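Scroll down for the structure; my scribbles are underneath it.
A, B, ... follow the sequence lines: proteins, then strands. Residue 1 opens every chain. Note that the structure is predicted; figures quoted are calculated from it, not measured.
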Number of protein chains: 2
Amino acid sequence: MTSVGNERNLTIRDVAQRAGVSISTVSRVINGKKVRDELQVNVQRVLNELNFRPSAVARSMVRGRTQTVGVLVEDISSSYYAEMIKGIERILERTGHHPLFKSSHWNLQLEEEALQVFLDHNVDAIVVVGGLISEARLQDLAARMPLVLVGRGGVSVDAPTINLDQRGGAYAATRHLIELGHRQIVHIGGPTTQEDAVARRLGYLDAMSDHGLEVRPDWLCEGDFLETSAFRATMQLIENSTPFTAVFAANDQMALGVTLALHRKGLRVSDDVSVVGFDDLPVSAYVVPPLTTIRQPAQQVGELAAHAAVSLMAGEPAQLAPLELKLIVRESTRALRR
Amino acid sequence: MTSVGNERNLTIRDVAQRAGVSISTVSRVINGKKVRDELQVNVQRVLNELNFRPSAVARSMVRGRTQTVGVLVEDISSSYYAEMIKGIERILERTGHHPLFKSSHWNLQLEEEALQVFLDHNVDAIVVVGGLISEARLQDLAARMPLVLVGRGGVSVDAPTINLDQRGGAYAATRHLIELGHRQIVHIGGPTTQEDAVARRLGYLDAMSDHGLEVRPDWLCEGDFLETSAFRATMQLIENSTPFTAVFAANDQMALGVTLALHRKGLRVSDDVSVVGFDDLPVSAYVVPPLTTIRQPAQQVGELAAHAAVSLMAGEPAQLAPLELKLIVRESTRALRR
DNA sequence: ATACAAACTGAAAACGTTTTTTGCAAGTGG
DNA sequence: CCACTTGCAAAAAACGTTTTCAGTTTGTAT
């Protein structure tokens, strides 16, 4: 039985000795460069026997590249980012790169530290998803190494940027409700510090005003993208007897909060109040009733970002296929009964 | 305005030159070792001016340690693992270690490759969560470096292992239903290749037999831990007119699938059929009706695993506080009306 | 056979640190 | 005043590779 893995920190030198050649030759065999056939097979045999694997660290040292890509997101464990990460994993796996994930938890300092870690570890490229890092800092970074930006709509940084039309998506969500006959539509938004959240609110306002609908101030609520905040906001709304027949929540998690609040107050989703979310989390198709929402192709975003990073690392320009948001109509919305 | 980050691949040598000292002295200052005060401040000044940060790669090379921990899970983007990862992140962040996450997607070969990557990159410790890797291989690994196992109930490997009593949890879930008066209880299990899935099924069977209840063969369904499989199974059950008043699903995702199927068939959860899940995902408290489930303290598991890894790296024995599963009663279960 | 190119191998340098060793100056005890 | 520590900084070795450079062998054409 051959034990798997390098026995105990073998080096290329051990291999060389055992094969009776120089370390250069071993290196060449490992890297598939031309070597006399006889030596080639001999060294290869020893390589297999010892189950030798060259140290990635030493390699990185001399090559100046590490085959790693730093990926900075707000929160690895949040469904939306998790989906994106899946896409990134899938692509990088193929190209032999290794993603290094860090969460910044909506905290600028943590974000900066994570970037520093990436730099210290000499990653070959960085993918920044959202976040609070300043434009100047990003520009600085982009000038020095491959950088891909995701969901940073406004910035004018010299780096490939992947953006989805959040405002348009929100517009479509709101219009859907309007077309169903709703006039009294509440919007529960995300934190105004987040770009996406404000874009979605703008989309909501656009749609309302385009259709000649007045927006009552108390229809504009601010949440934090988590269920509880939307739950509370909705409870308030009902307790204040604010009139509304539909809710557009800025993400699916908050839409769930809304749904639960309605349930608690004895109202039924879609029969009494229509609800639209945003994101299309994997779970959204399975809640009761299945949630009408705007699908963000999170995995594809991740794949696209990874592809862009790979291109950049290869010295090629990144080409970005445009990605679309799409309204997914399920059962949480229905025509207003009158 | 000082630009952030190393200008362009500065080395310790540049610092030394600019400060008029040897590189050894710079190294000592960086590492906080004793140096004449005058030099210390001088070097420190240059260090700040240049915004110098030593190369982690070079450091790893010579120190033989990388400050990284390999973490192998089935699927980063699956809620349960994502929660665990959050716990791991939190702890390792404090100790200055960096987690390197890999997903194996329930595939032995990918799993082996991920381990190989960890080894190649010379991680200081490895955390293996679940998975199919053979016991022998794990033992091999444990002998060579700090290894922490999570959710590998059966193995007798010389490494700290964190396990939750899956069988007991399933027993509690089932007993809860029985105590509510249910007699006809369906179990939708996970894939039998997974340890946790079989343990949960055993717990269900234990509880049934302990209470003198016969289990009809068609009450034992096998799913794949995803919503759809449970949805299909439940639809089948109803279409076959299999009698049941309650369902114990082996995880929350499948419980959602069950719920949706019931909804589709015009049955209402808790009024007509009680449903219990397993995991207590963040979302489970917010679905309608909120799901009764067995809480797995995923974040705590992650924290515990990380702590264990840190101890091991420090050469100390890991101490494992036992973690408990807990029945969380919400609104998806209620006493059988008769 | 001889000169020269081609093909390949081994020695050595390099990557950027930390750590060990060496060297020097100042301090201390007799 | 000498021998001997002590304290500290510089020089050098080491980490495990890849790559450059020089040297050796082999082959080929004259």
For this session: Check whether the side chain of A:R63 and the base of C:dA14 form a donor-acceptor pair under 3.5 Å.
Result: no
Exercise. Is the number of heavy atoms from other residues, nucleotides or ligands within 6.0 Å of CD (A:E135) greater than 12?
Worked result: yes
Exercise. Does any N or O in the side chain of B:E74 come within less than 3.5 Å of the main-chain N or O of B:W106, such that one atom is a donor and the other an acceptor?
Worked result: yes
Seminar exercise, completed: In whole angstroms, the gap separating C1' of D:dG16 from NE2 of B:H121 amounts to 14 Å
Problem set entry | Interatomic distance where CD1 belongs to B:I30 and C1' belongs to C:dT18 [whole Å] | 10 Å
For this session: Identify whether any heavy atom of A:V35 sits under 4.0 Å from a base atom; if not, whether one sits that close to sugar-phosphate; answer base, sugar-phosphate or nothing.
Result: sugar-phosphate
Exercise. Can you tell me if CG on A:N48 sees more than 12 non-hydrogen neighbours from other groups inside 6.0 Å?
Worked result: yes
Exercise. Under 4.0 Å: is that the gap between some side-chain N or O of B:R59 and OP1 or OP2 of C:dG16?
Worked result: no
For this session: In whole angstrom, give the distance that lies between atom CE of A:M61 and atom P of C:dA14.
Result: 13 Å
Exercise. Distance check: side-chain N/O of B:K33 vs OP1/OP2 of D:dC8, anything under 4.0 Å?
Worked result: no
For this session: Name the nucleic acid region contacted by A:T11, choosing base, sugar-phosphate or nothing; use a 4.0 angstrom heavy-atom cut-off, strictly under.
Result: sugar-phosphate
Exercise. Taking 4.0 angstrom as the limit, do A:D120 and B:R53 come out as a salt bridge?
Worked result: yes
Exercise. Under 4.0 Å between a side-chain N or O of A:R36 and OP1 or OP2 of C:dT9?
Worked result: yes
Problem set entry | Residue whose nearest DNA chain D nucleotide is more 5′ - A:I23 or B:V62 | B:V62
For this session: Mind calculating the distance between CG (A:L39) and P (C:dC8) to the nearest angstrom?
Result: 11 Å
Problem set entry | Short side-chain N/O contact to C:dG10 OP1/OP2 from A:S24, under 4.0 Å | no
Exercise. Can you tell me if the side-chain N/O atoms of B:S22 get under 4.0 Å from OP1 or OP2 in D:dA10?
Worked result: yes
Problem set entry | Protein-nucleotide distance (B:I12, atom CD1; D:dA11, atom P), rounded to Å | 14 Å
Exercise. Considering only heavy atoms and no angle criterion, is a donor-acceptor pair shorter than 3.5 Å present between the side chain of B:T25 and the base of D:dA10?
Worked result: no
Exercise. OP1 or OP2 of D:dG16 sitting under 4.0 Å from any side-chain N/O of A:S55?
Worked result: no
For this session: Find the distance A:K34:NZ to D:dT26:P and express it as a whole number of Å.
Result: 17 Å
Problem set entry | Euclidean distance, atom CG of residue A:D37 to atom C1' of C:dT9 [Å, nearest integer] | 15 Å
For this session: Report yes or no: does A:N163 contribute a side-chain atom to a donor-acceptor pair with the main-chain N or O of A:R152 at less than 3.5 Å?
Result: yes
Problem set entry | Atom-to-atom span, CZ of A:R28 to P of C:dT9 - whole angstrom | 7 Å
